[in-house]
Amino acid sequence: MLELVPLFAGLDEQSLLKLETGATVRIYPRNTVIINQGDESNSLYVILTGRVKVYLGSEDGREIILDFLDAGEAFGELALIDGERRSASVMTTEESRIAMLPQRHFLECLRNHPDISINLMRTLTGRIRSMAGQVENLALLDVYGRIARELMKQSDQMPDGRRITQAITHQDLANLVGSSREMVTKILNDLKRGGYIDIEHHRIIICNHLPARW
């Protein structure tokens, strides 16, 4: 169950089995909040199948998306280490199967297997770099520039040269780039009319190199 999770790469079969024995696996429907910002910390979550978004929300309903996480990725590790409350909320964007590892089992694993600590540092370093990139985008790029960069980040290269994102709504894209849904929709429609992108089942297909400016 956990052998393909990068965070636990290098663990022997017995150690993996011990972690799995202590884990609780649940299936969450789409749009289910798994943890809320400010919750107490007592578990590490590992995505076995599905996808989630990590976000910050305000009392008036506004939302900033920090990242999307896919199968094989984990979340909740930061709060387990420093003992503070959850720093962000996490919601499924599709039906997801998720394993919850108790804090004591995860910390015991870190103590007994130093290589896992290195894997963890790599994971956290990657997220710090991603957040630094988001700050740079918000500070230095206009709305179109932020959208173009986010489309490249969220998409995967296909054999035919096109790039395709996972399913993403206009609102989610707006929450990623700090803009309104109306502005995102206008820019995407213009790109579609120009032949730069196509949209199928909420997946954005980048057909041609995106223009430098809008």
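This one's a predicted model, so the numbers in the text were calculated from it and none came from an experiment.
Judged purely by distance below 3.5 Å, without hydrogens or angles, the side chains of Q157 and R163 pair a donor atom with an acceptor atom.
With values rounded to the nearest 0.5 angstrom, R162 atom CZ is found 8.0 Å from D198 atom CG.
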Indicate every side-chain donor-acceptor pair of residues 99-116 with a distance under 3.5 Å to a residue at least two apart or in another chain.
from : atom 1 : to   : atom 2 : distance (Å)
Q103 : NE2    : L80  : O      : 3.1
E108 : OE2    : K18  : NZ     : 2.7
N112 : ND2    : E108 : O      : 3.3
H113 : NE2    : S15  : OG     : 3.1

For residues 126-140, run the donor-acceptor check on the side chains, cut-off 3.5 Å, and write out each pair with its distance to 0.1 Å, sequence neighbours left out.
from : atom 1 : to   : atom 2 : distance (Å)
R127 : NH1    : A74  : O      : 3.4
R127 : NH1    : E77  : OE1    : 3.3
R127 : NH1    : E77  : OE2    : 2.8
R127 : NH2    : A74  : O      : 2.4
S130 : OG     : K153 : NZ     : 2.9
Q134 : NE2    : I65  : O      : 3.3
Q134 : NE2    : L66  : O      : 3.4
N137 : OD1    : R149 : NH1    : 2.7
N137 : ND2    : G133 : O      : 3.4

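Formation of a donor-acceptor pair under 3.5 Å by the T32 side chain with backbone atoms of T92 is not found in this model. With R30 contributing its side chain and T93 its backbone, the two residues share a donor-acceptor pair below 3.5 Å. Side chain of R85 to main chain of G38: a donor-acceptor pair is present (N/O by atom type, distance under 3.5 Å, no hydrogens or angles). Between the N208 side chain and the Y196 main chain, no donor and acceptor come within less than 3.5 Å of each other.
At a threshold of 4.5 Å between side-chain heavy atoms, the hydrophobic network of Ile, Leu, Val, Met, Phe, Trp and Tyr places L16 and L44 in one connected group. Put simply, L191 and I206 are part of the same group of oily side chains (I, L, V, M, F, W, Y) that touch within less than 4.5 Å, one to the next. Hydrophobic clustering (ILVMFWY, side-chain heavy atoms < 4.5 Å, transitive): L7 and I47 are in distinct clusters. The cluster map of Ile, Leu, Val, Met, Phe, Trp and Tyr, joined by side-chain heavy atoms under 4.5 Å apart, puts V54 and Y28 in the same cluster. When the side chains of ILVMFWY residues are joined at heavy-atom separations under 4.5 Å, either directly or via intervening members, V143 and I204 end up in a single hydrophobic cluster.
Minimum heavy-atom separation, L2 to E20: N-OE2, 2.9 Å. Here the closest non-hydrogen pair linking D70 and R51 is OD1-NE, 2.7 Å. Residues H170 and T185 come closest through the heavy atom pair ND1-OG1, 2.7 Å. The minimum heavy-atom distance between I197 and C207, with the atom names listed, is C-SG, 4.1 Å. Smallest separation of non-hydrogen atoms from S87 and L56: O-CD2, 3.3 Å. Closest approach of V25 to M1, counting heavy atoms only: CG2-SD, 3.6 Å.
Under the side chain to side chain contact (heavy atoms under 4.5 Å, CB included) criterion, V33 pairs with N36, Y55, M91, not counting sequence neighbours.
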